[in-house]
Amino acid sequence: MSNVYDTLVEREIIAQCTNEEKVREILENENVSFYIGFDPTADSLHIGHFVQIMVMVHMQRAGHRPIALVGGGTGKIGDPSGKTDMRKMLTDEELAHNVESIKSQLSRFLDFGEGKAIMVNNADWLLKLNYVEFLRDIGVHFSVNRMLAAECFKQRLEKGLNFIEFNYMLMQSYDFLKLYQDYECRFEFGGDDQWSNIIGGVELIRRVEGAEAFGVTFKLLTNSEGVKMGKTVKGAVWLDKEKTPPYELYQYLRNVDDADVIKCLKMLTFVPLEEIREMEKLEGSEINQAKVRLAYEVTKMVHGEEEAEKAKSAAESLFGGSKDSDSIPSTEIDESFLTDGSLPILDALLESGLIPSKAEGRRLIKQGGVYVNDEKVPNFDYAIPTEQLEGDGVLIRKGKKTYHRVYVN
RNA sequence: GGGAGAGUACCCAAGUGGCCAAAGGGGGCAGACUGUAAAUCUGUUGCUAGAUAGCUUCGGUGGUUCAAAUCCGCCCUCUCCCA
């Protein structure tokens, strides 16, 4: 039971593996290095990356050494795997910024102490490659025929794929070879969409070094309908506090579908499997208990216990009845919005970011979806008296579960 | 390089001179029902505006016209066929 591989299997994280028995055996008996790559497409990781992070932590706890690779080099190319469109090109500045942000995020989850884990940036070796040499040394080992048959290009072969993206696989494969050579890294892990790329590296190592390397992929965090999780109207659910406040992260997880709670608990938390199995028995509204646990555990890991507690109590007070929490999202309104001693409701909504435009606000109010301190806003002309805005301000609710506190100072 | 097509709102996709802020679907948002779930049903979905008004939108740009997403020129991007 102490074998990490078994743990990952039991938690239903593993999707594919190049050689199950062997990987299991090696992880059981040796302490190895393994790598997972992160592309710097944004300046923060999101909840989808959290599975990868969890795996690294599981592995590190089991005595293995994670190599977190940030794709400063591959980021200049853009991974076409499973995508329908070409990714937009990032400037060097954006890339550099993103690489740094991701690095610092990763270091919050892993122990990068002496020999415990390593962080590398593939820009360090990819950018200085010589084209002709690369083609001769690495390119020879790739069969275009086989690449074209690869699953990851399938969608793109219909819509169009250009040469730069076609090369992505070679870059990533080369990363693996390089890490094998420099760090004796024989394992590459990644999301299941990385399978083709990982296989590329495994084969490259075999061809160049005559050595056996291994690849393992994890199930992507998808909901019961197979749609990638972690997307909201506002975009991804980020691990960065500034981009997705702890309360929102908490609420996102608190609201996952019934059908997805158990899976998320297994994949995204360290809650012991026995406990999860107990929660699996919950039915009907009891399932909410499991959701609370999920939301709390993940928020705690991402933002710390204090933030998790705050998010939890905020949610409980908002949905429980007593609206007294101070950790719900809030906005200070500039006095210039006050007219005739009160704040027009549309301005309040707009300023707090609850609506993107006043037209949207009118629609909402017309449909009876806006409340101020639990009183339904009757019409667009409604204005909040300044007295109410002082101190803690008022609580605006949009729809059933979006709360926002607005105050003036 | 030659030839044939295509670029419409968040996405897919109709529309080929005025009735088009632009059908339909998806998604989103809100309402009902619920368990802060799912499914279902209803409404809504460019912006501004205290009514039937104005403004910006159909790859870009410049024209034709009383009037263009729709016609013409040039440009950009993409797909397909040929080289």
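Predicted model only: the values in this text are computed from it and were never measured. Naming: A, B, ... by sequence-line order, numbering from 1 per chain.
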A:F163 vs A:F166 aromatic rings, parallel, tilted or perpendicular, using cut-offs 30° and 60°?
tilted

What side-chain donor-acceptor pairs closer than 3.5 Å can you find for residues 343-354 of chain A, not counting sequence neighbours?
from	atom 1	to	atom 2	distance (Å)
A:D347	OD1	A:K358	NZ	3.1
A:S352	OG	A:A348	O	2.9
A:S352	OG	A:L349	O	3.0

What interatomic distance, in whole Å, is found between P of B:U56 and the corresponding atom of B:A21?
13 Å

State whether the side chain of A:S173 and the backbone N or O of A:G201 hold a donor-acceptor pair below 3.5 Å, judged by distance alone.
yes

Using a heavy-atom cut-off of under 4.0 Å over every strand shown, decide if A:G284 touches base, sugar-phosphate, or nothing.
base

Under 6.0 Å from the ring centre and within 45 degrees of the ring axis: does the NZ or CZ of A:R397 meet both conditions for the six-membered ring of A:Y371?
yes

Considering only the P atoms, how many Å lie between B:C11 and B:G59, rounded to the nearest integer?
13 Å

Criterion ring pair (Phe, Tyr, Trp, His ring centres under 6.0 Å) against A:Y35, the qualifying member of A:F214, A:Y183, A:F176:
A:F176

Can you tell me if A:E307 and A:T299 form a side-chain donor-acceptor pair at under 3.5 Å?
no

Would you measure the distance from the C1' atom in B:G15 across to the matching atom in B:G28 and give it in whole Å?
24 Å

Could you tell me which non-hydrogen atom of A:V271 sits nearest to which non-hydrogen atom of A:E297, and how far apart they are?
CG2-CG, 3.7 Å

Any residue meeting salt bridge (charged side-chain N to carboxylate O under 4.0 Å, His left out) with A:E360, in chain and number order, not counting sequence neighbours
A:R363

Whole-angstrom distance between B:C58 and B:C20, as gauged at atom C1'
10 Å

Phosphate OP1/OP2 of B:G35 contacted by A:K291 side-chain N/O (<4.0 Å)
no

What's the gap between B:U65 and B:C71 when it is taken at their C1' atoms, as a whole Å value?
9 Å

From the list B:C33, B:A30, B:G35, which nucleotide is the closest neighbour of the side chain of A:K400?
B:C33

Measuring only the P atom in each nucleotide, how far is B:C72 from B:A38? A whole number of Å is fine.
50 Å

Whole-Å distance, A:Y250 OH to B:U36 P, equals 13 Å

Separation of B:C29 P from A:R397 CZ (nearest whole Å)
16 Å

Under 3.5 Å, is there an N or O donor on one side and an acceptor on the other linking the side chain of A:Q367 and the base of B:G31?
no

Once you round it to whole Å, what is the distance between P of B:A30 and OH of A:Y371?
11 Å

Residue pair A:Q194 / A:N197, side-chain donor-acceptor N/O under 3.5 Å:
yes

Taking the side chain of A:F319 as its heavy atoms from C-beta onward, which of B:U36, B:A32, B:G43 lies nearest to it?
B:U36

A:R254 has an atom CZ; how far is it from atom P of B:A37, in whole Å?
8 Å

Nearest-nucleotide wise, let me know which of A:E286 and A:L364 is further upstream toward the 5' end of RNA chain B.
A:L364

Distances for protein N or O near nucleotides 3-9 of chain B N or O, under 3.5 Å:
none

A:I287 has its side chain closest, among B:A38, B:U36, B:G35, to B:G35

Can you check the distance between B:U40 and B:A14, where both ends of the measurement are the P atom (answer in whole Å)?
26 Å

Donor + acceptor pair across side chains of A:Q16, A:D192 (<3.5 Å)
yes

Partners meeting salt bridge (charged side-chain N to carboxylate O under 4.0 Å, His left out) with A:K400 (sequence neighbours left out):
none

Could you run down nucleotides 46-54 of chain B 5' to 3' and tag each one B, S or - for protein heavy-atom contact under 4.0 Å?
-SSSB----

Could you tell me the separation between the CD atom of A:E316 and the C1' atom of B:G35, rounded to a whole number of Å?
15 Å

I want to check a possible cation-pi pair here: A:R61 against A:F270, using under 6.0 Å from ring centre and within 45° of the ring axis as the test.
yes

Rounding to an integer number of angstrom, what distance separates B:A68 and B:C55 when you compare their P atoms?
13 Å

Just checking, is any N or O donor in the side chain of A:N255 or A:Y250 under 3.5 Å from an acceptor N or O on the other one?
no

With a 4.0 Å heavy-atom cut-off, tell me which residues in residues 295-304 of chain A come close to RNA chain B, sorted by residue number.
none

Send over the distance from A:R293 CZ to B:G35 P, rounded to a whole Å.
24 Å

Just how far, in rounded Å, is C1' of B:U36 from CG of A:L294?
14 Å

What is the distance, to the nearest angstrom, from the CD atom on A:E283 to the C1' atom on B:G35?
13 Å

